[in-house]
Each structure stands twice: as C-alpha cells, then as structure tokens.
Amino acid sequence: MVRVRFAPSPTGALHIGGVRTALYNYLFARAHGGTFILRIEDTDSGRFVPGAEQYIVEALKWCGIVVDEGVSVGGPHAPYRQSERSEIYLKYATELVAKGDAYYAFDTAQELAALRARKEAAGEAFAYNFQIREKLRTSLTMSPGELEELLGNGTQYVIRYKMPKDEQIVMQDLIRGQVIVNSSTLDDKVLYKSMDHLPTYHLANIVDDHLMQITHVIRGEEWLPSLPLHYVLYRSLGWSDTQPQFAHLPLILKPDGKGKLSKRDGDKLGFAVFPLQWTPEVGDGARGFREDGFLPDAFINMLALLGWSPGGDREIMTMEDMVADFSLDKVSRSGARFDPDKARWINAEYLHHSSDAFLAEYLMPILREHHIEASVAYVEHVCSLVKERATLLTDLWDLSRFYFIAPTEYDQKVVAKFWKGDNPRHLARILEIVKAMDTIQEQTAQATIHDFITQEGLPMGGVMNTLRLSLVGANMGASCFAIMETLGQKESVQRIEQALKILPMNDN
RNA sequence: GGCCCAUUCGUCUAUCGGUUAGGACGUUAGAUUUUCAUUCUAGAAAGAGGGGUUCGACUCCCCUAUGGGCUACCA
C-alpha cells in the first residue's frame with residue numbers, strides 16, 4: 001500500500017516548486033491507489049509565519065490536489081503538525097544517545113561561531129565531525145557524573161548524531177539510481193535543538209515517516225545531500241528494513257537558469273511564482289497564478305510538464321490523464337527552467353476549450369462590479385465570441401467590455417487611419433441600411449452590406465473598419481456582423497450615429 | 001574550498017546502441033481574415049569537449065568543462 005506525504009514548512013507562501021512536489025506526490029499516490037498525506041513541518045519556531053499553513057491548504061485545494069490524510073482532514077496518525085508531536089521526538093533522540101549513536105553537546109552558539117571563524121581565517125571549512133567532536137564539550141568525553149550534573153542544572157544542550165567515520169553509504173534513488181557517499185565527508189548534525197526544544201527536520205522527518213508508515217519519499221533535490229544522514233538514522237533506529245524509498249526531484253530554475261526559482265523572480269518577471277495571491281500580516285505580498293487569470297487545470301498541467309513527460313508528444317492533459325501515465329522513472333534528472341510563455345500558451349489552450357457557461361460564471365461578478373446588468377445567456381454568447389482571443393481569464397473583461405458599454409472614446413490610431421476621406425459618408429449610408437433592418441442576423445446582414453459595398457464600388461476595408469470603429473471604438477473583436485447581431489439593431493444604430501456625431505465628418 | 005547531482009534546438013522535452021534526432025513553446029516567412037485574435041502551412045534551430053567500450057554511440061564507462069544543490073540549534 002503506497003503512502004506518500006507532502007511535508008512543507010509554514011514559512012510563507014508555497015511557491016510553484018513546492019506545489020509541483022505536492023503534485024508529483026499526489027499523482028504517484030493516485031497512480032498506485034495510495035494515500036496522499038499532508039504534514040506540516042513547523043519545527044523551526046523562529047521561521048513560523050501565521051497564515052502560511054492555511055495558504056498551503058487553500059493552494060492545494062485550488063489545484064485540485066485532494067488530501068486524504070493530514071492537517072485539515074485528520075486521520076489515524078494525527079496530529080499531523082510536528083509542533084503538536086514534540087514529545088514524541090525527544091524519546092528517539094535519547095534512545096540514540098543510549099545506543100551510542102548520538103551524544104549531548106554543550107557548545108554555545110558563540111563558541112561555535114568562534115570556532116567557525118578561526119577555521120575560515122585559516123582558509124579551511126569548519127565541520128562538526130569525528131575530527132573535532134572529542135575536543136569539544138560533549139557527553140562523549142565527560143564522566144557520567146559530570147554529564148548528569150550539566151543535564152540536571154538546566155545547562156543548554158543539543159543532541160548530535162555521531163556520524164560514523166569512513167563508511168561508504170550506499171543509497172538508492174528512484175530517479176537517480178545508486179548514490180554513494182563516504183561518511184567522513186559528513187558532519188554531526190543536530191537532531192534536537194536546545195533553543196525551542198524541538199527536533200530538527202532530519203529527526204522529525206525520519207520519525208514521522210516511520211510512524212506514519214510512509215512508503216515513498218518524493219521531495220526536491222535540495223534534500224539529496226542529507227539522504228546519507230537519513231539512511232544512517234533509519235539504521236540507528238532499527239528501521240532500515242521498513243524505510244521508505246526515495247525520489248529526489250529536479251529543481252525548478254529561474255528562466256535564465258541561474259539558480260532556484262524564488263519569490264523575487266516573480267517580481268522581476270512580472271509573473272506569478274505562487275499559485276495564490278499571498279498577503280501576509282507583515283512583510284511583502286506576492287501575486288498568484290489564480291489572480292493573474294490562470295485556470296487551475298492549466299496551472300497543474302504546466303507544472304507537471306516541468307520535469308516530467310508522459311513520453312511521446314502529449315502535452316495537454318487532465319489530472320486523470322496524468323495519473324494514468326505518471327511514473328517516477330519518467331521524471332527527468334536535470335533542473336527545469338520555468339517558462340512564462342509556455343505557461344501562458346497552456347492556459348490559452350484551456351481557456352479556448354472552456355465552456356461558455358464556465359467563462360460566463362467568471363465574468364458575471366466582474367460585470368456586476370461595473371454595474372452592468374446582463375442576462376446569463378447574453379454573457380455566455382459574448383464569451384463564445386471573445387474566448388479564442390483570450391490568454392488569461394483576466395483578459396475577458398477587456399475583450400468584452402464593448403459588448404456591454406458603447407465606446408466613449410475612439411482609438412486615435414484607428415481614427416487617423418480610417419476616419420478620413422469619404423469613409424464617414426459611406427458609413428452614413430451603411431447606417432441607413434442598418435436602420436431599415438428589423439433585426440440583425442449575422443449572415444443576412446453581411447450579405448446585404450457586402451453586396452451594397454461591392455455594387456457601389458466602395459472600398460471594403462475602409463468602410464468595414466470605419467463601421468468597426470463606430471461599434472467597438474477600436475480595431476478588435478469578432479466579425480462586425482456578429483457584433484451587430486449580438487448588440488441588436490437598436491444599439492448598433494445608436495453606436496453608428498454616435499460615432500458620426502462625435503467624430504469629425506470629414507477632413508477636406 | 002569540500003561533498004553531491006546534472007548536461008539533446010533559445011526553453012520544456014521524446015529517444016531507453018542502429019532514427020533524415022521527433023514534438024511543443026518562442027521565433028521567422030506565408031495563407032486565411034474588413035480588424036484583433038484564432039486556425040493552417042512552411043522554415044531556421046540541438047546531442048558541451050576529449051578519450052574509451054562496441055561492427056555501430058545522443059544513448060554505456062572515464063576525464064575535463066559548465067550549470068545547479070548542499071555545506072545552520074532552516075526546512
């Protein structure tokens with residue numbers, strides 16, 4: 001039975017790299033009939049950000065990623081917030097000390113900083129490891145009595161893992177294959193912190209994954225360097241035989257390929273890097289894909305393709321399609337640059353195939369904000385005319401406003417180009433034809449007016465663009481006749497009359 | 001600096017030893033269109049470099065280069 005977890009830290013908004021990790025975990029779980037768990041890793045009390053957890057829950061919901069078990073839905077392994085599980089971890093840390101695989105260290109932050117500074121001054125890297133641990137104030141070199149006294153009088157301590165010396169740690173990664181690291185290059189990581197009396201990520205992660213019976217750990221590549229630590233931790237705890245399998249995902253890079261994508265890139269690109277708008281109580285906010293007009297289905301489709309391909313040429317896929325084809329061995333090994341252009345194109349694909357009813361539902365509230373009364377049927381019809389011109393949901397209003405509001409000003413460039421010579425006079429004659437119609441039907445109106453223009457030998461482009469200018473106020477939109485049919489005869493007549501009244505009749 | 005990971009068109013990728021190295025975004029040129037879009041057609045565009053292994057390497061191995069990640073009582 002497959003059990004995977006997405007385990008973010010509530011330190012701010014979840015950026016698209018995190019969402020993609022969640023997505024891959026979710027796809028993997030669904031593909032194997034498994035369980036997708038949401039666990040909050042809030043063991044860094046110093047970086048906790050109020051509202052971040054709620055943001056994560058809402059973001060997953062918007063993406064259509066359904067949590068089976070975890071924070072906000074509960075489950076058999078509750079609680080799923082590590083801060084609420086704090087008493088669990090100390091037990092395992094002290095167990096490791098008892099076994100001799102970990103030890104108490106009493107160095108102060110100042111002492112460590114001094115040590116680090118001295119090493120750096122000598123041009124060497126500082127590592128808290130086998131070479132130095134015997135020379136520091138640790139339980140390794142103390143008498144039992146001395147240790148008991150320090151522990152008893154409340155002296156601050158951390159528990160560090162005693163990384164073995166010169167051992168080849170052989171690991172398996174589902175995406176990268178075998179990875180081997182010599183343990184002497186690793187340091188004695190802190191497992192349990194003195195400051196907030198909470199475990200570090202490494203301990204809490206291993207303990208919870210074990211307790212929650214996680215079968216596969218799918219996480220970002222930034223965790224690969226700590227995989228050896230996790231391996232030896234599982235071994236020390238006696239859990240090697242049930243330890244999960246690991247898959248380290250390639251990173252999502254900045255568009256220029258220089259480094260991991262970050263919040264600042266969003267500002268620089270003028271493009272969202274978060275699923276939802278983020279408005280923290282303090283600090284800077286950030287825009288979201290949702291608010292920028294992306295459809296959730298398009299968003300996850302775009303994200304899924306950043307580092308995974310089903311093989312072959314398929315690109316536009318629903319969540320169900322992706323579940324059916326997802327497998328970790330088709331995840332690529334190299335980092336993927338985020339491409340705003342491709343993201344926009346995918347969204348346009350989804351938008352063009354959205355139903356008019358769905359788009360109208362989005363547009364109606366915007367119309368209400370502009371105090372526009374329109375029937376759902378009318379709005380749906382308008383959506384059918386504008387959607388192929390839209391890339392983002394937010395384009396809809398700009399593309400459709402002239403169907404609801406007569407132009408109050410006219411695009412000067414278009415005026416300069418077409419509202420000249422005899423064109424206004426020709427338009428006045430078109431007006432008479434339109435006036436004579438009871439109703440406007442696209443095909444018949446087109447036939448009638450085109451015939452007139454041809455028979456009178458008038459310039460087709462000049463007349464039609466002038467007509468469009470009077471109707472729309474710009475050189476955009478569907479066929480003039482479709483527009484007139486939508487607007488209705490009365491409104492069409494009014495708009496042509498208004499243009500003839502407002503714009504100068506001729507420039508002779 | 002040390003350790004680890006990676007490397008196919010500008011970008012995302014397909015290829016799992018034998019292909020004219022395919023697709024998509026973007027881009028260029030056309031067509032369609034009264035406009036803006038859409039759509040369609042065509043084009044340019046890639047295996048980092050050097051060694052091996054092999055009858056044959058983009059594909060396997062090694063070295064170099066380049067890029068990235070990690071190197072906290074952060075995750």
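Convention: sequence-line order gives letters A, B, ...; per-chain numbering from 1. The structure presented is a predicted model; accordingly, all values stated were derived computationally and were not measured.
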Using atom CZ of A:Phe271 as one end and atom P of B:G26 as the other, report the distance to the nearest whole Å.
12 Å

Hey, do the aromatic rings of A:Phe338 and A:His15 have their centres closer than 6.0 Å?
no

Starting at CD1 of A:Ile300 and ending at P of B:C12, how long is that distance when rounded to a whole Å?
21 Å

Using 4.0 Å as the upper bound for N to carboxylate O, is an ion pair formed by A:Arg389 and A:Asp395?
no

Counting just side-chain N and O atoms, does A:Lys193 come under 4.0 Å of either OP1 or OP2 of B:C74?
yes

Whole-Å distance, A:Asn205 CG to B:C74 P, equals 15 Å

Starting at CG of A:Asp313 and ending at P of B:U19, how long is that distance when rounded to a whole Å?
19 Å

If pairing requires Watson-Crick or G-U wobble contacts with both distances under 3.5 Å, which nucleotide is the partner of B:U59?
none

How many whole angstroms separate atom NZ of A:Lys189 from atom P of B:U71?
7 Å

For the pair made of CG in A:Leu224 and P in B:U71, what is the distance, rounded to whole Å?
13 Å

Please determine if a side-chain N or O atom of A:Arg333 lies less than 4.0 Å away from the OP1 or OP2 oxygen of B:C5.
no

Taking CG from A:Leu251 and C1' from B:A75, how many angstroms apart are they, rounded to a whole number?
14 Å

Filter on salt bridge (Lys or Arg N to Asp or Glu O under 4.0 Å), then keep only pairs touching residues 112-132 of chain A, sequence neighbours left out; what's left?
A:Lys119-A:Glu124

Would you mind reading off the distance between A:Leu191 atom CG and B:A72 atom C1', rounded to a whole angstrom?
14 Å

Can you tell me the Watson-Crick or wobble partner of B:A37, both distances under 3.5 angstrom?
none

For B:A42, the Watson-Crick or wobble partner whose two distances fall under 3.5 Å
B:U28

B:C3: pairing nucleotide in any strand, Watson-Crick or G-U under 3.5 angstrom:
B:G69

